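Data first, discussion second: the structure below is written as structure tokens.
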There are 2 protein chains.
Amino acid sequence: MNIGELAKTSGVNAKLIRHYEAIGLIPKASRTESGYRVYSEKDIQFLRFIRRARSLGFSMKEIKKLVGLWRNKSRASREVKALALTHVQTLEKKITEMQEMADNLKILARNCHGDGRPDCPIIKGLENNGE
Amino acid sequence: MNIGELAKTSGVNAKLIRHYEAIGLIPKASRTESGYRVYSEKDIQFLRFIRRARSLGFSMKEIKKLVGLWRNKSRASREVKALALTHVQTLEKKITEMQEMADNLKILARNCHGDGRPDCPIIKGLENNGE
DNA sequence: TTCCACCTTCCAATCATTGGAAGGTCAAGC
DNA sequence: GCTTGACCTTCCAATGATTGGAAGGTGGAA
């Protein structure tokens with residue numbers, strides 16, 4: 001199978017598959033005589049694994065670890081769980097931060113007339129807020 | 001005032017102030033004979049405005065618009081509010097996405113023993129999940 | 001004059017991806 | 001056999017916001 005078909009079946013586009021190869025996340029594909037990359041069913045599985053990890057927000061660095069654990073049949077589930085829960089914490093921290101941003105902004109926006117007048121609590125809020 | 005003092009008083013580090021100048025977010029500072037950038041009180045205000053906008057999660061592009069509106073004394077508050085509420089939506093969309101990631105991951109993690117055994121629902125969840 | 005903290009520019013790295021250019025390959029239709 | 005078009009290749013660059021470092025000039029105080 002060529003890279004195009006792998007892209008279609010795995011849901012990871014061809015450009016990105018090449019990139020993953022370049023950064024060493026996936027092994028170098030074997031090639032046809034003319035230089036085309038050749039893939040097998042296993043690669044579909046592999047890229048889907050990566051795609052799903054991405055969709056859970058894991059970084060490439062974390063995904064490399066996950067892939068290592070995935071392939072290591074004698075892994076300790078403890079390690080996987082720790083990685084996952086650390087990531088959950090990271091996510092929740094970001095969520096909290098963004099929620100605070102949204103809340104603060106909504107408070108400012110609520111008091112803004114939102115009409116043709118220049119007077120605007122949002123601008124005022126950005127002008128002076130401590131320090 | 002030199003860039004270092006501006007950095008301290010505004011809360012935006014010197015490196016970043018130069019960068020903001022380079023991308024045209026702030027005007028080019030005047031210079032001493034020896035080439036040092038010179039700033040005034042107004043610049044403190046300006047950079048604080050930018051810092052606060054950043055802390056609300058606005059992108060540089062949006063901040064450019066906000067700065068334009070800030071300086072335009074005949075702005076319509078409608079425009080500011082629209083910009084703010086669009087940004088709130090962007091934030092809330094991201095929050096929702098990340099919340100889903102965290103929730104999904106927590107579900108997987110909850111069923112994981114997290115001990116020395118290799119068996120792991122998190123890995124399984126990444127292995128097969130539709131498609 | 002020496003020392004250190006400060007300033008300057010320029011170039012590169014981060015992170016994960018996407019884009020384009022320039023060119024080679026493959027299979028189908030004529 | 002030739003052309004067409006879809007596919008493949010590599011390489012380099014941009015995204016967005018910042019941070020890092022190198023290499024060198026400046027300012028003021030001891």
Side-chain angles (χ1 to χ4, degrees), chain A residues 1-26 28-40 43 46-67 87 90-91 93-94 97-98 101, chain B residues 1-26 28-40 43 47-67 86-87 90-91 93-94 97-98 101:
Chain A
M1 153 179 31
N2 282 345
I3 199 168
E5 198 185 336
L6 176 60
K8 246 180 250 168
T9 53
S10 69
V12 178
N13 85 40
K15 204 105 193 176
L16 208 36
I17 296 173
R18 287 189 202 103
H19 175 66
Y20 287 164
E21 183 184 298
I23 63 170
L25 178 59
I26 60 177
K28 290 191 179 179
S30 57
R31 305 285 186 123
T32 63
E33 281 188 7
S34 57
Y36 283 23
R37 286 174 181 79
V38 180
Y39 298 98
S40 70
D43 299 302
F46 194 176
L47 281 164
R48 284 184 180 169
F49 181 94
I50 292 168
R51 186 172 56 73
R52 283 175 202 126
R54 281 296 305 145
S55 79
L56 288 172
F58 285 103
S59 69
M60 285 298 110
K61 204 171 169 182
E62 290 165 328
I63 292 176
K64 280 189 191 181
K65 286 187 202 162
L66 281 172
V67 166
H87 180 53
T90 304
L91 285 170
K93 181 156 175 267
K94 284 186 192 162
E97 286 169 2
M98 298 181 85
M101 290 177 182
Chain B
M1 155 181 26
N2 282 345
I3 199 169
E5 198 184 337
L6 177 60
K8 246 180 250 168
T9 52
S10 69
V12 178
N13 85 40
K15 204 104 193 177
L16 209 34
I17 295 173
R18 289 189 200 101
H19 175 66
Y20 287 166
E21 183 183 300
I23 63 170
L25 179 59
I26 61 177
K28 289 190 180 179
S30 56
R31 305 285 186 124
T32 63
E33 282 188 5
S34 57
Y36 283 23
R37 286 174 180 79
V38 179
Y39 297 98
S40 71
D43 298 301
L47 281 165
R48 284 184 178 169
F49 182 93
I50 291 168
R51 185 173 55 74
R52 284 175 201 125
R54 281 296 304 144
S55 78
L56 289 171
F58 285 103
S59 69
M60 286 296 111
K61 205 171 170 182
E62 289 165 328
I63 292 176
K64 280 189 190 181
K65 286 186 201 163
L66 281 171
V67 166
T86 299
H87 180 52
T90 305
L91 285 170
K93 182 157 173 266
K94 284 185 192 162
E97 287 169 1
M98 298 181 85
M101 290 176 182

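Below, read A as the first sequence line, B as the second, and so on, with proteins coming before strands; counting in each chain starts at 1. All values reported here derive from a predicted model rather than from experimental measurement.
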S30(B) meets the side chain to side chain donor-acceptor pair (under 3.5 Å) criterion, sequence neighbours left out, with none

Angle separating the five-pair end axes of the helix from dT1(C)-dA30(D) to dC30(C)-dG1(D), nearest 10°, is 30°

In B/S/- notation (B base, S sugar-phosphate only, - none; protein heavy atoms under 4.0 Å), nucleotides 5-18 of chain C written 5' to 3' is -BSBB------SBB

(message) Any heavy-atom pair between the side chains of V12(B) and R54(B) that's under 4.5 Å?
(response) no

Atom CD of E62(B) and atom P of dG16(D) are separated, to the nearest Å, by 12 Å

When every non-hydrogen atom of A14(B) is compared with those of A7(B), the smallest separation belongs to N-CB, 3.6 Å

ask   = Looking at side-chain heavy atoms only, is the closest gap between F46(A) and V67(A) below 4.5 Å?
value = yes

When rounded to whole Å, the CD1 to P distance for the pair I63(B) and dT18(D) reads 7 Å

- Item | Close side-chain approach of I26(B) and I50(B), heavy atoms under 4.5 Å | yes

Close side-chain approach of M60(A) to Y20(A), heavy-atom, < 4.5 Å
yes

**Prompt:** Is there side-chain contact between Y39(A) and L47(A), with at least one heavy-atom pair below 4.5 Å?
**Reply:** no

**L6(B) vs R37(B) side-chain heavy atoms within contact, under 4.5 Å** = no

